[in-house]
> 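Dumping the structure here so I can ask a few things about it.
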Amino acid sequence: MPLVTTTEMFKKAYAGGYAIGAFNVNNMEIVQGITEAAKEVNAPLILQVSKGARAYANHTYLVKLVEAAVIECPNIPIALHLDHGPDFETCKSCIDGGFTSVMIDASSKPFAENIEITKKVVEYAHDHGVVVEAELGTLAGIEDDVKVSAEDSSYTRPEEVQEFVEKTGCDSLAIAIGTSHGAYKFKPGTKPQLRFDVLEEVEKRLPNFPIVLHGSSSVPQEFVEMINANGGNMPGAIGVPEDQLRKAASMAVCKINIDSDLRLAMTGTVRQFFAQHPDKFDPREYLKPARAAIKEMVKHKLINVLGCDGKA
């Protein structure tokens, strides 16, 4: 099947009490590992590209990689999504360039300005058959060009969500309930806790409306340890507990973004390979196990965290 929007994915996810995995991609091996995992467990997918990924790998290369994945996985619904679009021009470029979904992130702007910018993107996107994700509230942390200090982060205010959705016409809404961008989400010794009370209140005010979680990587410690054991230095990298993500997926959350976990799996595996095989230099030799590690990571997420296996 051709690339799809997220509309039907989210309807089924909301009704079924699971979430769709949205995985950031920037090279061939990551695309292959993700899509091979989804194909094996029969799960729908969102492959998403950030502004930084477009700058690194080139828009055309990324689109063609995803189109190749669609050919190789003809029975899996796949959406191509812009993650954290910073402005109308970037969103327009992706809409015109083959994306089926875009995110406009004007969450750092005042409420009225966020509405104005988001509405402009929505109008253009809907005219071209593309869906739009928007954001209310700001997450702390670092992801590509998104950098927000803990002091500047803020939870989504449930009393604003209905007005925002009605005035913008957005198709899904990313909210801030305690997740955080990057691998260094929480300080060692702390117990990460999502604000399910905020999510529940949002769900009441926006019944049957798809909610999105960003900054939801779990930062698996086995890969942090693998990196550190092979020359890395990642002290205190802690993520969101997977049981809390599973609970969110059983509620109104229909899309969960996963980024850092894949990068950790890839980097840890490559570091370990070179430590064990210092004489090797062929990229195919060290990227093959890295791709396999990503595949196993994604399968685990699809089955045990998102609950979307068998839902393609």
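Every value quoted in this text rests on a predicted model; they were computed, and no experiment measured them.
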> State, without any angle test, whether Glu133 and His214 hold a side-chain donor-acceptor pair at a distance under 3.5 Å.
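Yes, because at least one side-chain N or O of Glu133 sits under 3.5 Å from a partner of the opposite role on His214.
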
> Mark yes when over 12 heavy atoms from residues, nucleotides or ligands other than Lys311 sit less than 6.0 Å from its NZ; otherwise mark no.
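Enclosed.
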
> Just so I know, are the side chains of Asp171 and Thr7 near enough to count as touching, which here means a heavy-atom distance under 4.5 Å?
no

> Filter on ring-ring contact (aromatic ring centres under 6.0 Å, His included), then keep only pairs touching residues 283-312, sequence neighbours left out; what's left?
Phe274-Tyr286

> Between Ile76 and Ala312, what is the shortest heavy-atom contact and its length?
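So the two residues come closest at CD1-CB, 3.8 Å.
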
> If we ignore hydrogens and angles and just use 3.5 Å, is the side chain of Arg271 paired with the main-chain N or O of Ile227 as donor and acceptor?
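Not at all, since once roles are kept as given, no pair shorter than 3.5 Å links the two residues.
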
> If you define the side chain from C-beta out and look only at heavy atoms, does anything of Lys255 sit under 4.5 Å from His81?
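SC-SC contact between Lys255 and His81 confirmed.
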
> Out of curiosity, does Ile258 fall in the hydrophobic cluster containing Met103 (side-chain heavy atoms, cut-off under 4.5 Å, transitive links)?
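Different clusters: Met103 never reaches Ile258 through Ile, Leu, Val, Met, Phe, Trp or Tyr contacts under 4.5 Å.
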
> Kindly determine whether Phe99 and His59 satisfy ring-ring contact (aromatic ring centres under 6.0 Å, His included), including the steps that lead there.
CA-CA 10 Å; Phe99 283 53; His59 175 103; 5.3 Å; yes

> Any chance the side chains of Asp96 and Tyr124 put a donor and an acceptor closer than 3.5 Å?
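Per modelled atom types, Asp96 and Tyr124 side chains form a pair under 3.5 Å.
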
> Kindly write out the residues that satisfy side-chain hydrogen bond (donor to acceptor under 3.5 Å, both in side chains) with Lys109, not counting sequence neighbours, or none if the list is empty.
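If we apply the side-chain hydrogen bond (donor to acceptor under 3.5 Å, both in side chains) test to Lys109, skipping adjacent residues, there are no hits.
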
> State plainly whether the residues Lys92 and Glu89 are in salt-bridge range, i.e. N to O under 4.0 Å.
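Salt bridge flag = no for Glu89 with Lys92.
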
> Please determine whether residues Phe10 and Tyr14 belong to a single hydrophobic cluster, defined as Ile, Leu, Val, Met, Phe, Trp and Tyr linked transitively by side-chain heavy-atom distances below 4.5 Å.
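Per the 4.5 Å side-chain linkage, Phe10 and Tyr14 are not co-clustered.
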
> Would you call Asn42 and Asp309 a side-chain contact if the rule is heavy atoms closer than 4.5 Å?
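A side-chain contact is absent here, since even the closest heavy-atom pair is not under 4.5 Å.
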
> Using a 4.5 Å cut-off on heavy atoms from C-beta on, say whether the side chain of Val132 contacts that of Ile104.
yes

> Say whether, by atom type as modelled, one donor and one acceptor occur between the side chain of Thr35 and the main chain of Val31 under 3.5 angstrom.
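Yes; judged by distance alone, with no hydrogens or angles, the pair exists.
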
> Locate the shortest heavy-atom distance separating Ala275 from Pro278; write the atom from each residue and the value.
O-CD, 3.9 Å

> Between Asn257 and Ser216, which heavy-atom pair has the shortest distance, and what is it?
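Scanning both residues completely, I find the closest heavy atoms to be O-CB, 3.4 Å.
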
> Can you find a pair of side-chain heavy atoms, one from Met28 and one from Tyr61, that are under 4.5 Å apart?
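With C-beta onward as the side chain, the pair stays apart.
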
> Could you give the distance from SG (Cys308) to CG (Leu302), rounded to the nearest 0.5 Å?
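Here the rounded value is 4.5 Å.
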
> Checking salt bridge (charged side-chain N to carboxylate O under 4.0 Å, His left out) for the pair Glu72/Lys39: CA distance, chi angles, key distance, verdict?
CA-CA 9 Å; Glu72 291 297 315; Lys39 186 176 181 179; 5.2 Å; no

> Pairs in or reaching into residues 226-254: which pass salt bridge (charged side-chain N to carboxylate O under 4.0 Å, His left out), with residues at least two apart or in two chains?
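Output for this query lists Glu242-Lys301.
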
> Any side-chain heavy atom of Glu113 within less than 4.5 Å of one from Ile117?
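They are in contact (side-chain heavy atoms under 4.5 Å apart), so the answer is yes.
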
> Donor-acceptor pair, Asp261 side chain versus Val219 backbone, under 3.5 Å?
yes

> Should we say atom CZ of Arg157 is surrounded by more than 12 heavy atoms from elsewhere, each under 6.0 Å from it?
no

> How close do Leu199 and Ala252 get, counting heavy atoms only, and between which atoms?
CD1-CB, 4.4 Å

> Looking only at atom types and distance, does a side-chain atom of Thr100 sit under 3.5 Å from a main-chain N or O of Leu80, one as donor and one as acceptor?
yes

> Evaluate the side-chain proximity of Phe23 to Asp259: yes if any heavy-atom separation is below 4.5 Å, no if none is.
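A side-chain contact under 4.5 Å is absent here.
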
> Measure from the side-chain N and O atoms of Thr156 to the backbone N and O of Leu136, and report whether any donor-acceptor pair falls under 3.5 Å.
yes

> Got a second to check how far Glu160's CD is from Leu173's CG, nearest 0.5 Å?
10.5 Å

> Short question: side chain of Ser50, backbone of Ala53 - any donor-acceptor pair under 3.5 Å?
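Side chain of Ser50 to backbone of Ala53: a pair is present.
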
> Starting at CG of Leu45, measure out to OG1 of Thr6 and round the result to the nearest 0.5 Å.
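Atom-to-atom, Leu45:CG and Thr6:OG1 are 13.0 Å apart.
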
> To the nearest 0.5 Å, tell me how far Ser172 OG sits from Met9 CE.
12.0 Å

> Mind checking the CG-SG spacing from Leu62 to Cys94? Nearest 0.5 Å is all I need.
9.5 Å

> Any side-chain to backbone donor/acceptor pair from Asn230 onto Met226? Under 3.5 Å, distance only.
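The answer is yes, because a donor-acceptor pair under 3.5 Å joins these two groups.
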
> Donor-acceptor check, side chain of Ser260 to backbone of Ser217, threshold 3.5 angstrom: yes or no?
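Judged by distance alone, no pair lies under 3.5 Å.
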
> Identify all side-chain donor-acceptor contacts of residues 163-170 below 3.5 Å with residues at least two apart in sequence or on another chain.
residue	atom	partner	partner atom	Å
Glu163	OE2	Lys167	NZ	2.8
Glu166	OE2	Gln162	NE2	3.2
Thr168	OG1	Phe164	O	2.8
Thr168	OG1	Cys170	N	3.2

> Donor-acceptor check, side chain of Asn24 to backbone of Leu262, threshold 3.5 angstrom: yes or no?
no

> For residues 290-297, tabulate all N or O donor-acceptor pairs below 3.5 Å that involve a side-chain atom, not counting sequence neighbours.
residue	atom	partner	partner atom	Å
Arg291	NH1	Gln32	OE1	2.7
Lys295	NZ	Glu40	OE2	2.4

> Can you give the donor-acceptor pairs under 3.5 Å from side chains of residues 203-213 to other protein atoms, not counting sequence neighbours?
residue	atom	partner	partner atom	Å
Arg205	NE	Glu201	OE2	2.9
Arg205	NH2	Glu201	OE2	3.4

> Please examine the side chains of Asn228 and Val224, heavy atoms only from C-beta on, and report whether any two atoms are closer than 4.5 Å.
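Val224 reaches Asn228 side chain to side chain.
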
> Answer with yes or no whether the hydrophobic clustering places Leu306 together with Ile78; edges join I, L, V, M, F, W, Y residues whose side-chain heavy atoms lie under 4.5 Å apart.
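Linked within one cluster.
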
> Examine Val131 and Phe88 and state if one hydrophobic cluster contains both, with Ile, Leu, Val, Met, Phe, Trp and Tyr joined whenever side-chain heavy atoms are less than 4.5 Å apart.
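Looking at the clustering, Phe88 is in a separate group from Val131.
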
> If we count only N and O atoms by modelled type, under 3.5 Å, do the side chains of Ser93 and Arg54 hold a donor and an acceptor together?
yes

> How long is the span from the OG atom in Ser101 to the CG atom in Leu82, to the nearest 0.5 Å?
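Ser101 OG to Leu82 CG: 8.5 Å, rounded to 0.5 Å.
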
> Ignoring hydrogens and angles, tell me if any N or O in the side chain of Asp83 forms a donor-acceptor pair with the backbone of Gln48 under 3.5 Å.
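Answer holds: no.
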
